[in-house]
Amino acid sequence: FNGGWRINRLMPGSYKVQVVPQPTPFAATYLGGGDWFEDAGNTLLTLDFGDMTTDQIIELEKANGAIAGVVADSATGLPLSSIFVGAYDAGGHLVGYALTDYDAVTGRRISTDGSYRIRGLRDGAYYVRTVSLFSALPLVEQATAFVGVFENFDLFGFLFGGSLTGLNLDAAVYKDYWHPMQPATISISLDELVFQASAYGLPNENDNALLPVYLPLPFYEKVPDGAEMVSVSGGSTTVDFVLPQGSLSDLTTGVQGKETMPSGFTVQQNYPNPFNPSTMLAFTVPAEQRVRISVYDVLGRHIATLADEKFAAGSHKVSWNGMDANGRQAAAGLYFARIIAGEREKTIKMVLVK
């Protein structure tokens, strides 16, 4: 609906809402009228299960400032397309972005010189960084035609250096930088990425999506000490980037790994994850105690109990074969394993794929 907005799938909690109206000339604005994340005028929305707010109006104003430039290959000097360039406020929150050579809303190519232009910036100072992960799918039109159903999209094979069945990708991956030439990465939870793509699939007819799969948008970034802000005052400020070739490991920092709890109780991320048909959960208890391990779906419904017994001090492993308590195969999707040992507990996310 005209001018309307809706944010679905929110867990209970408190939220600030921001509009980043790219690539229009309107400035980023928070619900309540604030210009930046810590603005005291921002409205804080608190939601419980089933709550929905209405008549939340965000009024935008035009801003004449812009950051523009060119992104090129450091070895050849050739322009690079589909590179995400973001402008961030002093706190590391995204206020504007653009894709080199592409319209960020429609996904249409608008140039061939590796240029970008972030519009709608108020007078002030901004951090600027690239996100080359977007160049991994070089042509939005090609990717849209390819990703018809998720079952044919081997995302993990792609992320770990394989190829996408049915799609020939010749695009190189480039190292990212904050201006000026400060190395940059982006955190990715691979299980979350796979779950979102499998659960939500292609954008529906009401969405104008940046890409047809759910790549991580860097809405908030921790700005490194070596990054420098650039001033914007009315007109356009030029910031160019020259990027060397790299690999996905140069761009991303994984979030999977061991997690520890106090008093010797530790729980590791299940492996493999995503999984099919089974996965292993590993945990350690400092002394003999009863441990209960239960599996729940995203709606909080109990799916299966994997263990409910005493375990000796030390490390243990428990497997889940993807079956529910009635011996039926669970549907593909996101699940939560809750491990309770005495007064300690830990919940981990698991993704079952088909």
Side-chain angles (χ1 to χ4, degrees), residues 9-13 49 150-151 153-162 186-200 214 216 248-249 252-354:
R9 308 182 184 98
L10 295 178
M11 294 295 289
F49 280 109
F150 178 75
E151 285 75 12
F153 181 34
D154 184 9
L155 180 60
F156 264 76
F158 165 60
L159 287 174
F160 289 113
I186 182 171
S187 295
I188 294 179
S189 171
L190 295 180
D191 55 351
E192 284 292 323
L193 189 57
V194 170
F195 169 69
Q196 289 184 29
S198 63
Y200 307 145
Y214 288 80
L248 282 174
S249 61
T252 63
T253 55
V255 298
Q256 292 176 294
K258 296 182 180 180
E259 299 184 60
T260 61
M261 293 289 286
S263 303
F265 172 52
T266 65
V267 176
Q268 298 181 18
Q269 182 66 47
N270 63 300
Y271 180 84
N273 191 41
F275 69 95
N276 182 14
S278 63
T279 189
M280 188 72 67
L281 293 84
F283 63 93
T284 301
V285 289
E288 183 183 54
Q289 58 189 155
R290 179 172 292 277
V291 177
R292 180 180 177 86
I293 304 176
S294 304
V295 177
Y296 300 88
D297 64 14
V298 293
L299 298 179
R301 296 176 298 198
H302 179 263
I303 300 299
T305 299
L306 307 184
D308 188 8
E309 58 188 276
K310 284 188 176 181
F311 286 83
S315 298
H316 304 274
K317 293 182 179 179
V318 174
S319 65
W320 182 40
N321 59 5
M323 299 292 182
D324 65 16
N326 296 317
R328 296 173 299 197
Q329 179 64 51
L334 178 65
Y335 292 88
F336 300 90
R338 186 183 185 191
I339 302 95
I340 302 175
E343 296 181 353
R344 303 286 184 180
E345 68 176 76
K346 178 67 178 178
T347 300
I348 61 174
K349 292 176 286 187
M350 308 182 296
V351 180
L352 173 61
V353 295
K354 294 295 181 67

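Since the structure is predicted, the reported quantities are computational estimates derived from the model, not experimental observations.
With a 4.5 Å cut-off on side-chain heavy atoms, Val353 and Phe275 do not count as touching. Counting only heavy atoms from C-beta outward, the side chains of Met323 and Gln329 approach each other to under 4.5 Å. In this structure, Trp320 and Val295 have side chains that are in contact, with non-hydrogen atoms separated by less than 4.5 Å. Counting heavy atoms from C-beta on, the side chains of Ile339 and Val291 come closer than 4.5 Å. Using a 4.5 Å cut-off on side-chain heavy atoms (C-beta onward), Met350 and Leu334 make no contact. Looking at heavy atoms from C-beta onward, Tyr335 lies in side-chain contact with Ile303 at the 4.5 angstrom threshold. Using a 4.5 Å heavy-atom threshold, the side chains of Glu288 and Phe311 count as separate.
Summarising the geometry, atom CD belonging to Gln268 is positioned 11.5 Å from atom CE belonging to Met280; distances are rounded to the nearest 0.5 Å. Interatomic distance, Asp308 CG to Arg292 CZ, rounded to the nearest 0.5 Å: 4.5 Å.
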Evaluate side-chain contact (heavy atoms from CB on, under 4.5 Å) for Leu281 paired with Leu306, printing each intermediate quantity in order. CA-CA 10 Å; Leu281 293 84; Leu306 307 184; 4.0 Å; yes

Determine, stepwise, if the pair Phe265 / Glu345 fulfils side-chain contact (heavy atoms from CB on, under 4.5 Å). CA-CA 9 Å; Phe265 172 52; Glu345 68 176 76; 5.7 Å; no

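Closest approach of Leu352 to Gly322, counting heavy atoms only: CD2-O, 4.4 Å. When every heavy atom of Ala313 is checked against every heavy atom of Pro286, the shortest pair comes out as CB-O, 3.5 Å.
Between the side chains of Asn321 and Ser278, no donor N or O sits under 3.5 Å from an acceptor N or O.
Of the possible donor and acceptor atoms, none in the side chain of Asn270 sits under 3.5 Å from a partner among the backbone N and O of Thr279. In this structure, His316 contributes its side chain and Val318 its backbone to no donor-acceptor pair below 3.5 Å. In this structure, the side chain of Thr347 does not engage the main chain of Arg338 through any donor-acceptor pair within 3.5 Å. Looking at Asp324, its side chain does come within 3.5 Å of a backbone N or O of Asn326 through a donor-acceptor pair.
Contact check on Arg290 versus Glu309 returns no salt bridge, with no Lys/Arg side-chain nitrogen under 4.0 Å from an Asp/Glu carboxylate oxygen.
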